[in-house]
Amino acid sequence: QLQLVESGGGLVQPGGSLRLSCAASGFTLDYYAIGWFRQAPGKEREGVSCASSSGGRTNYADSVKGRFTISRDNAKNTVYLQMNSLRPEDTAVYYCAAVFTTFQAMCSMTAAYYGMDGWGKGTLVTVSS
């Protein structure tokens with residue numbers, strides 16, 4: 001059974017950094033595209049970043065470009081989101097999602113691409129002084 005577990009969230013001051021992890025179990029990530037999403041209180045879920053199954057293609061929302069970096073370690077079956085220069089508006093619950101794909105160079109920051117089953121339960125990031 002596909003399971004994703006996010007970790008690494010917490011309280012950080014503006015300008016600080018956090019690294020989120022998304023650990024997969026029950027399957028190997030080798031043929032899965034990965035997306036990171038976030039949802040702030042009262043707002044819709046939005047795509048933050050994604051990585052293709054090969055890791056060769058990544059994409060970022062304009063709001064995080066240059067500050068966040070997605071990476072994957074298929075040997076550890078884990079995907080990471082390094083978040084630097086955090087801002088109060090980055091405060092949200094962060095989710096990872098995975099979808100099986102034979103297109104090694106494709107990823108998406110659209111939630112529907114990942115279906116209903118391939119989601120973690122989220123980790124809370126709070127950026128505040």
Side-chain angles (χ1 to χ4, degrees):
Q1 182 178 357
L2 186 153
Q3 186 174 10
L4 296 169
V5 178
E6 303 92 339
S7 63
L11 173 64
V12 63
Q13 292 186 343
S17 298
L18 284 174
R19 188 177 78 158
L20 304 184
S21 299
C22 172
S25 62
F27 69 106
T28 59
L29 284 173
D30 297 47
Y31 294 98
Y32 284 76
I34 299 293
W36 279 101
F37 296 80
R38 67 186 181 187
Q39 187 165 19
K43 294 188 176 181
E44 294 186 355
R45 188 171 298 189
E46 63 171 343
V48 174
S49 182
C50 69
S52 62
S53 61
S54 68
R57 180 183 178 91
T58 59
N59 203 4
Y60 298 91
D62 288 343
S63 59
V64 307
K65 203 169 291 183
R67 300 188 297 124
F68 290 11
T69 303
I70 189 171
S71 62
R72 57 191 301 156
D73 187 339
N74 286 355
K76 293 184 178 180
N77 228 25
T78 301
V79 179
Y80 304 98
L81 185 68
Q82 178 67 43
M83 307 187 297
N84 299 328
S85 302
L86 283 162
R87 305 167 180 169
E89 53 264 39
D90 295 318
T91 296
V93 177
Y94 283 71
Y95 302 87
C96 63
V99 66
F100 178 84
T101 177
T102 56
F103 298 100
Q104 293 186 1
M106 181 174 179
C107 73
S108 174
M109 294 193 297
T110 300
Y113 178 73
Y114 298 90
M116 298 293 291
D117 297 328
W119 290 83
K121 295 185 177 181
T123 184
L124 176 63
V125 172
T126 303
V127 184
S128 175
S129 55

- Item | Residues L11, S128; criterion side chain to side chain contact (heavy atoms under 4.5 Å, CB included); working and verdict | CA-CA 7 Å; L11 173 64; S128 175; 4.2 Å; yes
- Message: For the backbone of K121 and the side chain of E6, can you confirm whether one donor and one acceptor N or O come within less than 3.5 Å of each other?
- Response: yes
- Query: Do you know which two heavy atoms are closest between M106 and A33, and how far apart they sit?
  - Reply: O-CB, 3.6 Å
- Item | D90 side chain reached by R38 side chain, heavy atoms, under 4.5 Å | yes
- Message: Are there over 12 heavy-atom neighbours, none belonging to D117, within less than 6.0 Å of that residue's CG?
- Response: no
Donor-acceptor pairs are to be reported for all side-chain atoms of residues 51-58 against protein atoms at under 3.5 Å, with residues two or more places apart or in another chain.
unit_1: S52; atom_1: OG; unit_2: S54; atom_2: OG; d: 3.3
unit_1: S52; atom_1: OG; unit_2: G55; atom_2: N; d: 3.4
unit_1: S52; atom_1: OG; unit_2: G56; atom_2: N; d: 3.4
unit_1: S52; atom_1: OG; unit_2: R57; atom_2: N; d: 3.1
unit_1: S52; atom_1: OG; unit_2: R57; atom_2: O; d: 3.4
unit_1: S52; atom_1: OG; unit_2: Q104; atom_2: O; d: 3.1
unit_1: S54; atom_1: OG; unit_2: G56; atom_2: N; d: 3.1
unit_1: S54; atom_1: OG; unit_2: Q104; atom_2: O; d: 2.9

- Task: If a pair satisfies ring-ring contact (aromatic ring centres under 6.0 Å, His included) and one of its residues is in residues 101-129, list it, with sequence neighbours excluded.
- Result: F37-Y114, F37-W119
- Message: Other residues, nucleotides and ligands only: do more than 12 of their heavy atoms fall within 6.0 Å of NZ on K43?
- Response: no
- For residues S49 and N59, report the shortest heavy-atom separation together with the two atoms involved. OG-O, 2.9 Å
- Does E89 CD have over 12 foreign heavy atoms under 6.0 Å away? yes
- Item | For N84, side chain to side chain donor-acceptor pair (under 3.5 Å) partners two or more places apart | S17, Q82
- Please tell me if the side chains of S21 and K76 come closer than 4.5 Å, counting only heavy atoms from C-beta onward. no
- Message: Per the disulfide bond (SG atoms under 2.5 Å apart) rule, what does the pair list look like for residues 51-129, sequence neighbours excluded?
- Response: C22-C96, C50-C107
- Message: For residues 54-89, which residue pairs pass the disulfide bond (SG atoms under 2.5 Å apart) check, not counting sequence neighbours?
- Response: none
- Query: Should side-chain heavy atoms under 4.5 Å link Ile, Leu, Val, Met, Phe, Trp and Tyr, which residues sit in the same cluster as L20?
  - Reply: L2, L4, V12, L18, F27, L29, Y31, Y32, I34, W36, V48, Y60, V64, F68, I70, V79, L81, M83, L86, Y94, F100, V125, V127
- Query: If you round to the nearest 0.5 Å, how far is CZ of R45 from OG1 of T110?
  - Reply: 13.0 Å
